[in-house]
Visitor: 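This is the structure, below, for whatever I ask next.
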Number of protein chains: 2
Amino acid sequence: MSVPNKDPEHLDRLRDYYAENRRIPPFQRIAELLGFASKAASSKLLERLESAGFVERTADDNAWMPTRRFFERPLAANFIRAGAADPIEASGAEPFLVDDYVVRTPSRTMMVPVRGDSMVDAGIHDGDMAVVERGTGAKPGDFVVAIVDNELTLKELIRERGRFVLKPHNPAYPVIRPKGELEIFGVMVGLVRRYAS
Amino acid sequence: MSVPNKDPEHLDRLRDYYAENRRIPPFQRIAELLGFASKAASSKLLERLESAGFVERTADDNAWMPTRRFFERPLAANFIRAGAADPIEASGAEPFLVDDYVVRTPSRTMMVPVRGDSMVDAGIHDGDMAVVERGTGAKPGDFVVAIVDNELTLKELIRERGRFVLKPHNPAYPVIRPKGELEIFGVMVGLVRRYAS
DNA sequence: TTGACAGGTGAACGGATGATCACTATTGTA
DNA sequence: TACAATAGTGATCATCCGTTCACCTGTCAA
């Protein structure tokens, strides 16, 4: 009979720790948390978790940091009914910081409320919050917040005959072809929506 | 004339660093980032930021960690053009914490990755993150995460001839009419999407 | 039965880390 | 102008940290 890999269990402990302390614990502490007698075991564990894509090293100083996958739980994929036990209990306390998820460069990121339905076909609705990054170069195909007639407008940036134009994602709206130079406020990097309870 | 406190600026740099490396940098690195010649300046900066409520120490080992306030973002609402002034000047700068916006009852809230396109017509795309609240009574018209064939499915809850059924928002998918009792995992209260840069 | 492999041990090492302290520079105010 | 408060300097020190290496111990497949 094969020995079950305990790494998922270890990962859960690390997630709990991260939820409280917002950091990957030092090796010594990992060893204490998981019952290792040696720091080296912690080192090897993290290397395994790195291969699995749950942690990675910081570009800055080679310290360990969690990846996006670290915060996720593939619920739909792994969901299995197990008798009377609530299978979801185990996944109740996932640390997931939404801000971390959508905000990359905090100092240049702002929230912009979306008005109107000119982007509905792209799944962007009236009342949504656009996460907008300022000062980032916009490429064709990006959703951008542009300044048109002294107002902020969210559209797709398109290159048309050598010029930049703003394309709505709703056939009821016309493409905007700015007369002068197109003023880009920022690039849309995320979306946040709230459903009324 | 008063000298502007540079701490907000420093805080922004720390936020950017945190977004990339998911940690408060060590003192040496803070000094390099902010142009300090001495680590001690970094130490004192963090103590100031602690008083202001932006960082705190971990219960576990006294390391620095960010607080919720650390992650708050400015909100660009009521955009008004004001001459040559940077438009961001004119925008309302109320701090905005995405988690607070989208998460009401943290202990009962989970993130569920959305797979498939059965809800595209409701502006919910493959790869989006659904913010799901457990233990809340679901009403017809709510988007709910239900358990169907041991898998989590996101659909609209509809009452049909006295029974609850699950309605996709995509004509290519059929309405799900569960044979036994419908098992509701939770109610969708929010949506978070990230655009690839 | 054997051998490869994955996971864990224990110890040693060099370097980075945070704390502390006396001192300095700058600036607003009394 | 004088002074106090705030922000930053430079250096020391003990400690903690991650790395590395040889070695150990099960398990599984050949």
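Here is the naming used below: chain letters follow the sequence lines, and residue numbers restart at 1 for every chain.
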Visitor: Is the terminal nitrogen or CZ of B:Arg134 (NZ for Lys, CZ for Arg) located under 6.0 angstrom from the six-membered ring centre of B:Phe185 and within 45° of that ring's axis?
Guide: yes
Visitor: Encode nucleotides 5-12 of chain D as B, S and - characters from 5' to 3', where the letter depends on protein heavy atoms closer than 4.0 Å: B to the base, S only to sugar-phosphate, - to neither.
Guide: --SBBB--
Visitor: Side chains of A:Tyr173 and A:Asp117 only: does a donor on one sit below 3.5 Å from an acceptor on the other?
Guide: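 Looking only at side-chain atoms, A:Asp117 and A:Tyr173 do form a donor-acceptor pair, the distance falling under 3.5 Å.
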Visitor: Taking 4.0 Å as the cut-off, does a side-chain nitrogen or oxygen of B:Arg57 come that near to OP1 or OP2 on C:dG18?
Guide: no
Visitor: In plain terms, say whether A:Glu47 and A:Lys44 are close enough for a salt bridge, that is, a side-chain N and a carboxylate O under 4.0 Å apart.
Guide: no
Visitor: I want to check a possible cation-pi pair here: B:Arg23 against B:Tyr18, using under 6.0 Å from ring centre and within 45° of the ring axis as the test.
Guide: no
Visitor: State plainly whether the residues A:Arg177 and A:Glu160 are in salt-bridge range, i.e. N to O under 4.0 Å.
Guide: yes
Visitor: I'd like to know if B:Arg29 pairs up with B:Glu32 as an ion pair, taking the criterion as any Lys NZ or Arg NE/NH1/NH2 lying under 4.0 Å from an Asp or Glu carboxylate oxygen.
Guide: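 Between B:Glu32 and B:Arg29 there is a salt bridge, with a charged N closer than 4.0 Å to a carboxylate O.
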Visitor: Calculate the interatomic distance between A:Leu34 atom CG and C:dT9 atom C1'; express it in whole Å.
Guide: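 My rounded result for the distance is 15 Å.
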Visitor: Can a salt bridge be assigned to the pair B:Arg15 and B:Asp12 using a cut-off of 4.0 Å between side-chain N and carboxylate O?
Guide: yes
Visitor: Using heavy atoms and a sub-4.0 Å distance, could you list which residues of residues 24-31 of chain B are near DNA chain C? By number, please.
Guide: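 Within this stretch, B:Pro26, B:Phe27, B:Gln28 sit under 4.0 Å of the strand.
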Visitor: Measure CG/A:Leu46 against P/C:dG7 and give the value in whole Å, please.
Guide: 13 Å
Visitor: At less than 4.0 Å, is any side-chain N or O atom of A:Arg23 found next to OP1 or OP2 of D:dC17? Yes or no.
Guide: no
Visitor: Among residues two or more places apart or on two chains, list those pairs meeting ring pair (Phe, Tyr, Trp, His ring centres under 6.0 Å) that have a residue in residues 101-132 of chain B.
Guide: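 Passing the test, one end in residues 101-132 of chain B: B:Phe96-B:Tyr101.
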